[in-house]
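Worth saying up front: this structure is predicted, and the values here are computed from it rather than measured.
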Amino acid sequence: MTSGALPSNPFVAAGMIEDPRLFVGRKDELHAIASRMKGDQPTSINIVGEKHIGKSSLLHYFVLTWQQRVLNNSSSYVVIYLPLRGVDCQTETGFYDAVAEGLLSHVQGWQQRSLQNCWKTKPLNRQAFSDAVKQWKQQGKLPVLCLDDFESLLKYDREFDNGFYDNLRSLMDSNALMLVVASRKRLDVYANEHRFVSSFFNIGHTIPLKELTTDEAIELSRLPTRSTNGAALSVDEQNHAQQWGDRHPYKLQLAGYYLWAARQQGKAIKWAKQQFEQQLTKARSASNGQQWQLWLRWLVWDLPVRLGKISQFIGVTVGDIGNWITGLVMLLLPVLVLVGVVDWNEVWDYVRDKLEIK
């Protein structure tokens with residue numbers, strides 16, 4: 001008698017949850033996205049949350065299930081998921097091409113010809129993209145772009161400048177385009193950090209993504225395998241997962257993953273706890289390393305560049321700044337003499353050098 005295939009681990013220890021059967025919770029957030037999509041004036045949304053909180057899984061799940069939430073006029077929308085970390089989105093035209101490919105892949109065959117012609121312009125530049133989106137609006141189609149990992153665009157600020165964001169905002173304001181943008185910080189925070197002035201960053205609505213509710217955490221710990229209806233973990237294992245995970249989706253998934261693996265391999269609960277803690281430490285170290293790299297880039301590149309632009313911002317020359325610094329030092333020298341930091345001979349030497357007195 002041959003045994004059937006072993007059930008697979010239902011818990012996703014890293015990455016996006018792709019199987020909609022394994023997605024748990026976030027009902028309020030999903031309802032909020034759908035309700036702002038169905039209005040007479042669709043409102044773009046910024047999904048904000050820390051790393052591993054489930055932003056990618058939420059966007060992907062919404063794209064798979066949005067038709068269940070928009071029963072009326074579902075034919076009026078085309079909803080796509082687009083991860084901005086991909087190489088296709090490192091240039092502006094690459095971004096437009098990726099959007100066009102995603103939209104057309106979701107259009108029904110009988111509509112394909114009338115809707116695809118406007119995307120044939122090559123290269124698909126900013127103007128061509130804007131024209132295509134407006135033509136879709138005339139045909140009763142609203143593109144809804146679920147953009148994941150927004151931070152990736154910020155790495156290429158020469159490609160994605162204020163003009164790029166202004167164009168997206170114009171399409172949003174004319175109800176021709178809706179965006180659901182996932183990011184770790186609010187978009188207006190990034191605007192301040194990167195000196196963007198586009199109104200795009202004042203996006204219509206912000207949804208903070210936080211930990212799961214207690215009921216959602218319990219539901220996640222009771223996930224079944226893909227081949228069975230019952231819970232993959234025993235009641236005792238479920239309790240351990242809830243204690244270790246503490247309502248955080250990534251920690252809950254990680255705990256469930258190793259608890260299930262421990263039972264399959266005949267390991268003790270202690271082994272699962274050790275694996276859980278080791279993996280959690282690695283994830284924290286990787287996050288800290290990324291923060292260090294960002295801080296170093298700011299210190300050695302962003303800050304010097306911004307300081308170098310001060311003269312342009314206040315309308316003076318570099319020579320004027322040099323003269324200002326010299327004058328400021330000369331004003332401070334008498335104070336330094338009075339407090340005993342320097343003596344008058346050193347002051348006189350400095351002034352003579354600057355005035356070139358022989």
Side-chain angles (χ1 to χ4, degrees), residues 12-20 23 33 44-66 77-107 116 119-126 128-130 132-133 136 143-165 167-169 171-172 177-187 190-191 193-194 196 198 200-201 203 209 249-250 283 286-287 289-291 293-294 297:
V12 180
M16 182 176 66
I17 299 172
E18 298 186 5
D19 189 338
F23 185 89
I33 298 172
S44 292
I45 299 172
N46 183 198
I47 306 291
V48 181
E50 64 184 26
K51 187 176 182 180
H52 292 316
I53 202 65
K55 301 185 296 297
S56 299
S57 298
L58 173 67
L59 292 188
H60 188 264
Y61 184 75
F62 179 77
V63 170
L64 294 178
T65 61
W66 67 270
Y77 308 97
V78 180
V79 185
I80 66 169
Y81 170 79
L82 184 62
L84 299 178
R85 69 183 69 91
V87 294
D88 294 339
C89 294
Q90 293 180 3
T91 65
E92 184 175 359
T93 55
F95 170 82
Y96 297 144
D97 287 337
V99 170
E101 181 180 354
L103 291 174
L104 292 177
S105 68
H106 286 72
V107 174
Q116 72 179 357
W119 298 98
K120 288 184 176 180
T121 303
K122 297 298 179 183
L124 189 60
N125 55 26
R126 188 178 299 173
F129 175 81
S130 181
V133 171
W136 268 38
V144 180
L145 313 183
C146 296
L147 305 180
D148 194 13
D149 196 28
F150 176 79
E151 291 79 7
S152 296
L153 294 188
L154 300 175
K155 299 176 184 177
Y156 309 100
D157 52 2
R158 292 186 178 180
E159 280 287 328
F160 304 102
D161 56 12
N162 281 301
F164 166 78
Y165 293 113
N167 186 55
L168 291 181
R169 183 57 190 246
L171 294 172
M172 292 155 54
L177 180 69
M178 177 178 170
L179 302 184
V180 184
V181 183
S183 59
R184 296 183 191 177
K185 302 177 184 178
R186 296 194 322 271
L187 294 184
Y190 285 128
E193 291 180 353
H194 295 266
F196 283 112
S198 173
F200 167 86
F201 291 88
I203 206 162
L209 201 62
Y250 172 68
S287 179
Q290 291 176 351
Q291 291 297 324
Q293 291 175 5
L294 291 174
R297 171 187 166 86

Which pair of non-hydrogen atoms, one from [X] and one from [Y], has the smallest distance, and what is that distance?
X    : Y    : value
L84  : S152 : O-CB, 3.4 Å
D157 : F196 : CB-CZ, 4.2 Å
K185 : V48  : C-CG1, 3.8 Å
T91  : G94  : OG1-N, 3.0 Å
A128 : P123 : CB-O, 4.4 Å
L59  : V180 : CD2-CG1, 3.6 Å

For [X], which residues count as a side-chain contact (heavy atoms from CB on, under 4.5 Å) partner, sequence neighbours excluded?
X    : value
S198 : N162, Y165, D166, F200, F201
H60  : M16, E18, L64, Y81
T65  : Y61, Q68, R69

Problem - K55 side chain vs E50 backbone, donor-acceptor pair below 3.5 Å - result: yes
Exercise for the section: Answer yes or no: is there a donor N or O on one side and an acceptor on the other, between the side chain of K51 and the main chain of R184, under 3.5 Å? Expected result: no
Problem - Trace of the side chain to side chain contact (heavy atoms under 4.5 Å, CB included) decision for R85 with S56 - result: CA-CA 12 Å; R85 69 183 69 91; S56 299; 3.9 Å; yes
How long is the straight-line distance from [atom2] of [Y] back to [atom1] of [X], given to the nearest 0.5 Å?
X    : Y    : atom1 : atom2 : answer
K155 : H194 : NZ    : NE2   : 11.0 Å
L145 : L168 : CG    : CG    : 8.0 Å
D149 : L154 : CG    : CG    : 9.5 Å
S44  : M172 : OG    : CE    : 3.5 Å

Completion exercise
Sequence neighbours excluded, the answer for ring-ring contact (aromatic ring centres under 6.0 Å, His included) partners of W136 is W119
Practice task
Output every pair passing side chain to side chain donor-acceptor pair (under 3.5 Å) with a member in residues 92-102, not counting sequence neighbours, ordered by first then second residue.
Solution key: E92-Y96, E92-R126
Tell me every residue that passes side-chain hydrogen bond (donor to acceptor under 3.5 Å, both in side chains) with [X], counting only those two or more places apart in sequence or in another chain.
X    : value
N46  : S183
Y190 : E151
S57  : none
K122 : none

4.5 Å side-chain heavy-atom contact, [X] and [Y]:
X    : Y    : result
V144 : I33  : no
L82  : D148 : no
F129 : L171 : yes
P143 : V78  : no
L58  : L209 : yes

Completion exercise
By salt bridge (charged side-chain N to carboxylate O under 4.0 Å, His left out), R186 pairs with (sequence neighbours left out) D188
Practice task
For side chain to side chain contact (heavy atoms under 4.5 Å, CB included), just list the numbers for I203 and I45, CA-CA rounded to whole Å, side-chain angles, deciding distance to a tenth of an Å, and then say yes or no.
Solution key: CA-CA 7 Å; I203 206 162; I45 299 172; over 6 Å; no
Exercise for the section: Using side-chain contact (heavy atoms from CB on, under 4.5 Å) as the criterion, point out the one residue from I80, V79, L179 that pairs with C146. Expected result: V79
Practice task
Quick one: which residue pairs count as a ring pair (Phe, Tyr, Trp, His ring centres under 6.0 Å) with a foot in residues 143-163, not counting sequence neighbours?
Solution key: F160-F164
